[in-house]
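All residue numbers in this chain count up from 1 along the given sequence. As the structure lists them, so they are numbered: ligands from 1, and atoms in each ligand from 1. Predicted, not measured: the structure shown is a model, and the values here were computed from it.
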Amino acid sequence: MSVKEQVALARYTTLGTGGPASAFARARSIAEVEELLRFADARGLAVATVGLGSNLLVADEGVDALVLKLDAEVAAVAVDGERIRAGGGAANAVALHRARAAGLGGFEFACAIPGTIGGGVWMNGGAYGGDFEQVLERVLVASAEGTGWLTPSELGLSYRHSNLRHGQVVVEAELHLRRRDPAAIKAEVAELNARRKAAQPTNKRTFGSVFKNPDHELTAGRMLEACGLKGHRIGGAQISPKHANFIENAGGARTADAIALMREARRRAHEQYGVELRHEVELLGQLPPLE
Ligand SMILES: Cc1cc2nc3c(=O)[nH]c(=O)nc-3n(C[C@H](O)[C@H](O)[C@H](O)COP(=O)(O)OP(=O)(O)OC[C@H]3O[C@@H](n4cnc5c(N)ncnc54)[C@H](O)[C@@H]3O)c2cc1C
């Protein structure tokens with residue numbers, strides 16, 4: 001077990017912003033996750049896990065916590081009949097690839113989600129009508145209190161939400177899929193990828209959807225577009241000219257720039273539509289208030 005101090009987190013986020021973690025470690029097995037949780041508990045250190053950082057804004061000043069990254073055994077994927085057993089650190093793309101090769105369908109939606117299984121469970125990631133809740137059978141969660149399986153209802157999954165809190169580490173998930181022709185899976189994934197590429201800035205540094213869709217006839221993206229925010233820039237961050245619910249790192253962005261854009265977007269949506277937009281992106285560290 002090797003715990004490093006002051007490790008820059010910007011390279012662990014897809015936006016490429018954020019300061020250092022006061023402590024950082026890679027865990028390669030469930031036993032190592034448990035050891036690291038005991039290490040943090042003994043020192044009164046908070047624990048947070050990063051996946052692929054594709055939905056994460058880290059404070060520029062950094063994070064006073066032990067940040068874990070899951071590797072090896074806790075990022076592996078195995079097929080067992082109609083089930084996929086995936087480590088929390090496994091990329092969705094790898095799990096989808098293994099499912100397709102085994103002729104198991106139902107996880108195709110995840111081709112649109114460039115994160116890990118743990119990140120997907122954390123926020124009940126979803127796209128194109130599918131989400132983790134529909135395929136999850138159970139999840140192995142480690143925390144200072146111990147390690148145990150939780151069902152989707154115990155996780156409290158709902159639209160882009162679970163009850164998980166920092167300090168709870170998703171070390172494994174079991175997905176129950178259904179038999180499907182690999183060629184049909186491949187065709188659907190190709191179609192979804194083409195739709196995503198046409199609508200989203202997939203070749204830019206972003207963190208996915210900034211806001212959850214509000215209870216309104218307009219999606220968050222359409223609402224912010226109607227507010228005239230496409231291309232709006234603060235510092236090195238800009239609202240994507242392609243899709244207004246994405247923020248791009250247009251060069252030298254800081255997390256504070258993205259937060260300032262989010263504040264402006266919330267203000268404009270409230271002023272024009274009376275809607276309080278709620279952020280989808282996860283925040284790590286002490287960040288400036290969004291209001
Ligand atoms: C271009 C683009 C498109 C996207 N499209 C979609 C989309 O269509 N649908 C969608 O739902 N999302 C989308 N996202 C957002 C993102 O990919 C998802 O939210 C994804 O599930 C995040 O996974 P991650 O591993 O990157 O998590 P991270 O961003 O690293 O972390 C997100 C949260 O999960 C927690 N976490 C991560 N791993 C674990 C773990 N093992 N145990 C406990 N907690 C953990 C973190 O602490 C953090 O709070 C998109 C992102 C991008 C960049």
Q. Ignoring hydrogens and geometry, is there a side-chain-to-backbone donor-acceptor pair from T14 to G53 under 3.5 Å?
A. yes
Q: Using distance alone, determine whether N55 and ligand 1 share an N or O pair under 3.5 Å.
A: yes
Q: Find all atoms of ligand 1 within a distance of less than 4.0 Å from any non-hydrogen atom belonging to G120, and give their numbers and elements.
A: 21 (O)
**Q.** Close approach, G53 and ligand 1, non-hydrogen under 4.0 angstrom
**A.** yes
**Q.** Proximity to ligand 1 by part of Q168, non-hydrogen separation under 4.0 Å
**A.** backbone
Q.
Which of the numbered atoms in ligand 1 are under 4.0 angstrom from any heavy atom belonging to H166?
A. 47 (O), 49 (O)
**Q.** Those atoms of ligand 1 less than 4.0 Å from some heavy atom in T206
**A.** 1 (C), 53 (C)
Q: Could you grab the distance from atom SG of C227 to atom NE2 of H270, nearest 0.5 Å is fine?
A: 12.0 Å
Q: Would you mind running through ligand 1 and noting each atom that sits below 4.0 Å from a heavy atom of G51?
A: 25 (O), 28 (P), 30 (O), 37 (C), 38 (N)
Q. Out of G126, A75, S209, whose heavy atom is nearest to atom 7 (C) of ligand 1?
A. G126
Q | Centroid separation H166 to W122 less than 6.0 Å | A | yes
(Q) Using heavy-atom distances only, which candidate in Y128, Y12, W122 approaches atom 44 (N) of ligand 1 most closely? (A) W122
Q. Which of the listed options, G119, G87, A110, holds the heavy atom that is closest to atom 37 (C) of ligand 1?
A. G119
Q. Are side-chain heavy atoms of I117 and N92 found at a separation under 4.5 Å?
A. yes
Q.
Nearest 0.5 angstrom please: N249 CG to F207 CZ, how far?
A. 10.5 Å
Q) Quick one: are E188 and R180 in side-chain contact, heavy atoms under 4.5 Å? A) yes
Q. Taking the six-membered ring where the residue is Trp, are the ring centres of F211 and F246 under 6.0 Å apart?
A. no
Q. Would you say A112 and ligand 1 have an N/O pair spaced under 3.5 Å apart?
A. yes
(Q) To check your reading of the model: name the closest protein heavy atom to atom 17 (O) of ligand 1, its residue, and the distance in Å. (A) S54 OG, 2.7 Å
Q) Which of the numbered atoms in ligand 1 are below 4.0 angstrom from a heavy atom of V50? A) 30 (O)
Q: May I ask you to list the atoms of ligand 1 that are less than 4.0 angstrom from any heavy atom of G125?
A: 11 (O)
